[in-house]
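Here, residue 1 is the first one in the sequence, and each next residue gets the next number. It should be emphasised that the depicted structure is a prediction, and the values quoted were computed from it without experimental measurement. When a ligand or atom number is given, it counts from 1 through the structure's own listing order.
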Amino acid sequence: MARSAEPAPPPALRAWARSLLAAADEDPGWLADRVWRGARGDPARFRFRVEALARGVPLAHLEGRVGFHAVELLAGPEALVPRSDSECLLEALLDHLPVVPPGPAPLLDLGTGSGCLLLGFLHLRPAWRGVGADVSRRALTLAERNRRRLCLERRASLVRSDWWRGLTGRFAAVVSNPPYVVPGEELGPGVAEHEPHAALFTPEGDPLWAYRHVLAGAAERLAPPGVVVLEVGAGRADAVVGLARELGFLACERRRDLGGVERALVLRPA
Ligand SMILES: C[S@@+](CC[C@H](N)C(=O)[O-])C[C@H]1O[C@@H](n2cnc3c(N)ncnc32)[C@H](O)[C@@H]1O
């Protein structure tokens, strides 16, 4: 039961939390107040959570959930915590796909993780069906819980697949936020320690590894007119557009995230 209905911790505890959270990405005062509310005013739980945050444990892991576009999803160490930067991929899907699908082919989310892109889209487009594929069994358990949470069992299928190997049929559209961090590249505090490496890193020396897989399969399995929406890392859009051209795709839009970084590519067969 809540010990305190106060929106903020007592001043001394708040000052302690602020000093511990000084290096966090968010404003330390805002974080301290949020953790206090999440800890329901229990000082011991508050201290435990602040110390975990200071070690880089994502806030979403501590809260067990995260907002993504129009939905709230369960979050945990099983899969990458959905980032607000990735919401522009969902926006691109909403803008480029018709409200009613052109035929029976579903949307494919390749590397679905928590299921955020697939489930976020299906939540807003009730006429669509989709498939979420991932090589990680752990990620798929979280996607399954999110699928149930959003009552999307009948329109979303989840499949274990190493890229296209476990998939059959054709797809009206493919969305993918694949692993694109080059080993050694700087990441935010706690990311490499607390989030699954299969969701983050490309093999040494091959930054386009995942895009090659996604696009090679899409070239064969996209149902016309077909669209591919890909997330790219900061400064990587040109390289991925170049690869896409080699594999028979043209970029019809390069979309920026809220931070102004080119983050989503919308590709169509040339
Ligand atoms: C950057 S995360 C994206 C997760 C989620 N779509 C999102 O936007 O938050 C990349 C995902 O690709 C998956 N993945 C990595 N290698 C894969 C492979 N060979 N085949 C299928 N999925 C793979 C990871 O397990 C991870 O869930």
Side-chain angles (χ1 to χ4, degrees), residues 58 60-61 65-93 107-123 130-147 150 152 156-168 171 173-183 185 187-188 191-192 194-204 206-218 221 228-234 236 240 255 257-258 261 263-265:
H61 288 188
R65 58 201 67 211
V66 64
F68 184 77
H69 203 262
V71 295
E72 187 187 70
L73 297 164
L74 301 175
E78 300 90 339
L80 192 84
V81 175
R83 306 299 207 261
S84 53
D85 289 345
S86 306
E87 290 180 359
C88 69
L89 274 81
L90 181 44
E91 293 285 349
L93 286 175
L107 165 71
L108 171 65
D109 177 8
L110 202 42
T112 196
S114 62
C116 58
L117 294 168
L118 173 74
L119 302 175
F121 177 79
L122 294 182
H123 174 75
V131 177
D134 207 293
V135 75
S136 160
R137 282 200 174 87
R138 287 191 84 205
L140 288 169
T141 61
L142 186 64
E144 169 58 32
R145 288 164 60 213
N146 278 322
R147 179 172 78 145
L150 296 171
L152 287 169
S157 315
L158 296 170
V159 179
R160 180 153 189 263
S161 178
D162 183 357
W163 299 128
W164 294 85
R165 268 184 219 155
L167 297 167
T168 53
F171 298 92
V174 177
V175 64
S176 185
N177 171 15
Y180 55 70
V181 179
V182 175
E185 202 176 314
L187 289 166
V191 175
H194 297 285
E195 303 215 55
H197 284 195
L200 297 169
F201 295 109
T202 60
E204 196 92 45
D206 192 1
L208 298 180
W209 164 78
Y211 297 103
R212 207 169 289 115
H213 280 284
V214 174
L215 287 167
R221 306 280 286 281
V228 178
V229 176
L230 297 178
E231 176 158 329
V232 292
R236 299 274 169 71
V240 179
R255 189 173 285 225
D257 64 23
L258 290 176
V261 173
R263 187 64 70 188
L265 298 177

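At a heavy-atom cutoff of 4.0 Å, ligand 1 is contacted by no atom of Leu89, backbone or side chain. Contact annotation for Cys116 and ligand 1: only side-chain heavy atoms (C-beta onward) come within less than 4.0 Å of the ligand.
Across the listed options Asp162, Leu73, Val135, Asp162 owns the non-hydrogen atom lying nearest to atom 19 (N) of ligand 1. Among Leu142, Asn177, Val181, Asp134, the residue whose heavy atom sits closest to atom 25 (O) of ligand 1 is Asp134. Nearest-residue assignment for atom 21 (C) of ligand 1 (options Ser161, Ala79, Ala198; heavy-atom criterion): Ser161. Closest to atom 4 (C) of ligand 1 by heavy atom, among Ala133, Gly115, Gly111, is Gly111.
When only non-hydrogen protein atoms are considered, atom 1 (C) of ligand 1 lies nearest to Ala199 O, 2.9 Å. For atom 20 (N) of ligand 1, the nearest protein heavy atom (residue, atom name, distance) is Trp163 N, 2.8 Å. If you check which protein heavy atom lies closest to atom 5 (C) of ligand 1, you get Thr112 O, 3.3 Å.
Within ligand 1, the atoms closer than 4.0 Å to a non-hydrogen atom of Ser136 are 25 (O), numbered from 1 in the order shown.
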Show, in sequence, the C-alpha distance, side-chain angles and deciding distance for Glu195 and Arg83, and conclude whether the salt bridge (Lys or Arg N to Asp or Glu O under 4.0 Å) test is met. CA-CA 12 Å; Glu195 303 215 55; Arg83 306 299 207 261; 2.7 Å; yes

side-chain contact (heavy atoms from CB on, under 4.5 Å) evaluation trace for Phe121 with Asp109: CA-CA 10 Å; Phe121 177 79; Asp109 177 8; over 6 Å; no

Leu108/Leu167 under side-chain contact (heavy atoms from CB on, under 4.5 Å): CA gap, chis, key distance, verdict: CA-CA 10 Å; Leu108 171 65; Leu167 297 167; 3.9 Å; yes

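The salt bridge (charged side-chain N to carboxylate O under 4.0 Å, His left out) search around Arg145 returns Glu78, not counting sequence neighbours.
Interatomic distance, CG of Leu152 versus CG of Leu118, reported as 8.0 Å (0.5 Å rounding).
Between Trp209 and Trp163, the ring-plane angle classifies as perpendicular under the 30° and 60° cut-offs.
Proximity of a side-chain donor or acceptor of Asp162 to a complementary backbone N or O of Val135 within less than 3.5 Å is not detected.
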